Amino acid sequence: MSAKADSVPAGVIDANLPDIAALQPAETLRRRWPAIVGAVLSLAMLVMLGRELLDTGLAGLSRAAPDSPWFYVAFFGLYMAAPTGDFIIFRRLWGIPWAGFAALHKKRIANDVVLGYSGEAYFYAWARARANLVAAPFGAVKDVSLLSAIAGNGATILLCALALPVGYQLMPPGVLNAVAGSAVITLAISLLLILFSKRVFSLPRRQLWQVFWIHCARIAASSLLLALAWHFAMPEVSLWMWLFLSAARLLVSRLPLVPNKDLLFASFAILLIGQGEALSEMIAFVAALTLVVHIALVLAFAVGAGWTGLRLWRR
């Protein structure tokens with residue numbers, strides 16, 4: 001022991017030493033911030049889901065539901081496509097347990113109803129709270145999110161190249177200019193990310209390619225399952241037409257300069273297949289059913305977390 005330490009009488013606090021008691025709340029807050037972020041986003045999800053369902057969802061559910069059970073099989077596959085793709089990715093990157101499936105569902109729900117990329121913030125907080133998974137999860141979460149955008153942009157550019165020569169005569173000049181301009185912006189963003197990939201991405205190149213192809217497979221599967229769900233809901237329209245409309249929906253949803261994307265897609269779909277009222281009701285039902293499943297999952301996760309906390313408290 002040093003002479004300085006020996007010179008301090010017993011029971012007297014050295015003025016040069018930090019106040020350990022004052023540091024403890026800050027350290028506790030630093031350790032608990034992932035749980036706080038997760039709780040806030042979970043509450044925001046419930047509030048926004050209730051608002052969305054009461055606003056438009058109940059109207060969709062009140063209309064006639066599809067009779068075919070295959071519609072619900074396709075819808076289930078469509079709903080599970082995004083979190084399943086993410087689970088495969090992070091299972092490969094981190095070896096996350098099956099419990100991570102719930103966190104990835106919350107990630108998807110937060111992105112759908114709270115704010116864009118709020119789901120990534122939630123999942124980052126979830127990973128930070130589990131230091132045994134990965135020490136610094138930010139780089140992987142960022143890379144996976146950017147690669148998802150690149151895969152979606154690539155699909156958008158491909159669909160523009162296929163659809164514009166065929167469907168440009170069906171679009172008003174203003175919409176056509178917006179679609180073309182959006183395609184150029186989408187291509188430019190993707191090229192910039194690729195050109196500066198060494199500075200932007202942190203994962204090894206081999207893992208980046210694996211993640212990219214998983215995202216591509218997820219996008220293709222989601223488009224196919226959406227077309228199948230629509231076809232089983234309205235079987236009088238051919239599956240090929242629904243596949244075309246599913247691709248058109250993906251295209252419209254990712255174009256940055258196109259206002260009123262839902263209205264544009266609905267107008268385009270009605271122009272192609274007619275049956276405007278039936279189509280509108282079917283799209284409303286799919287949207288409402290998605291909200292209902294979101295709410296059911298969030299409530300189930302909350303009950304599960306409360307039950308786990310109660311069991312730990314009893315111990």
Side-chain angles (χ1 to χ4, degrees), residues 30-31 33-35 37-38 41 77-112 114-161 183-225 250-251 253-254 256:
R30 188 177 302 171
R31 288 194 304 267
W33 75 262
V37 170
L41 283 174
L78 174 65
Y79 189 89
M80 295 295 292
T84 300
D86 283 343
F87 181 78
I88 293 173
I89 289 171
F90 287 105
R91 184 84 167 180
R92 286 175 172 266
L93 295 179
W94 300 342
I96 63 172
W98 286 98
F101 214 74
L104 290 169
H105 272 290
K106 290 183 180 180
K107 168 180 173 290
R108 179 259 182 91
I109 295 171
N111 282 338
D112 282 355
V114 179
L115 188 66
Y117 295 104
S118 59
E120 276 69 23
Y122 171 83
F123 188 67
Y124 171 68
W126 179 87
R128 279 294 302 267
R130 290 153 181 81
N132 60 313
L133 292 179
V134 60
F138 176 78
V141 174
K142 168 184 63 69
D143 287 0
V144 171
S145 178
L146 288 176
L147 287 169
S148 176
I150 291 175
N153 290 347
T156 300
I157 295 166
L158 177 62
L159 290 172
C160 278
V184 171
I185 293 175
T186 302
L187 177 61
I189 293 173
S190 299
L191 289 177
L192 285 174
L193 289 174
I194 294 172
L195 289 174
F196 295 98
S197 59
K198 292 184 178 179
R199 297 184 179 182
V200 173
F201 296 106
S202 55
L203 291 174
R205 184 176 296 273
R206 180 179 62 85
Q207 290 183 329
L208 291 175
W209 277 111
Q210 289 178 350
V211 172
F212 173 77
W213 288 118
I214 292 172
H215 279 311
C216 290
R218 173 186 57 79
I219 292 172
S222 297
S223 299
L224 174 60
L225 288 166
L250 174 64
L251 171 62
S253 67
R254 300 192 67 89

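Every heavy atom of this structure was used, including side-chain atoms; hydrogens, water molecules and symmetry mates were not. None of these values were measured; they are calculated from a predicted model.
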So, the side chain of [X] versus the backbone of [Y]: is there a donor-acceptor pair under 3.5 Å, distance only?
{"X": "D143", "Y": "L203", "value": "yes"}
{"X": "H215", "Y": "A149", "value": "no"}
{"X": "K142", "Y": "V200", "value": "yes"}
{"X": "R108", "Y": "Y79", "value": "yes"}

Check [X] against [Y] and note the closest heavy-atom contact, atom names and distance.
{"X": "F90", "Y": "V144", "answer": "CZ-CG2, 3.8 Å"}
{"X": "S202", "Y": "A140", "answer": "OG-N, 4.3 Å"}
{"X": "L250", "Y": "A155", "answer": "CD2-CB, 4.0 Å"}
{"X": "F212", "Y": "I150", "answer": "CE1-CG2, 4.0 Å"}
{"X": "F201", "Y": "L208", "answer": "CB-CD1, 3.8 Å"}

Could you list the residues that satisfy side chain to side chain donor-acceptor pair (under 3.5 Å) with S223, not counting sequence neighbours?
none
Could you give the distance from [atom1] ([X]) to [atom2] ([Y]), rounded to the nearest 0.5 Å?
{"X": "L187", "Y": "L192", "atom1": "CG", "atom2": "CG", "value": "9.5 Å"}
{"X": "W94", "Y": "I89", "atom1": "CH2", "atom2": "CD1", "value": "11.0 Å"}
{"X": "N153", "Y": "I185", "atom1": "CG", "atom2": "CD1", "value": "11.0 Å"}
{"X": "F123", "Y": "N111", "atom1": "CZ", "atom2": "CG", "value": "12.0 Å"}
{"X": "K106", "Y": "W126", "atom1": "NZ", "atom2": "CH2", "value": "10.5 Å"}
{"X": "I96", "Y": "F101", "atom1": "CD1", "atom2": "CZ", "value": "9.0 Å"}

Do R218 and S148 pair up side chain to side chain, a donor and an acceptor below 3.5 Å, judged on atom types alone?
yes
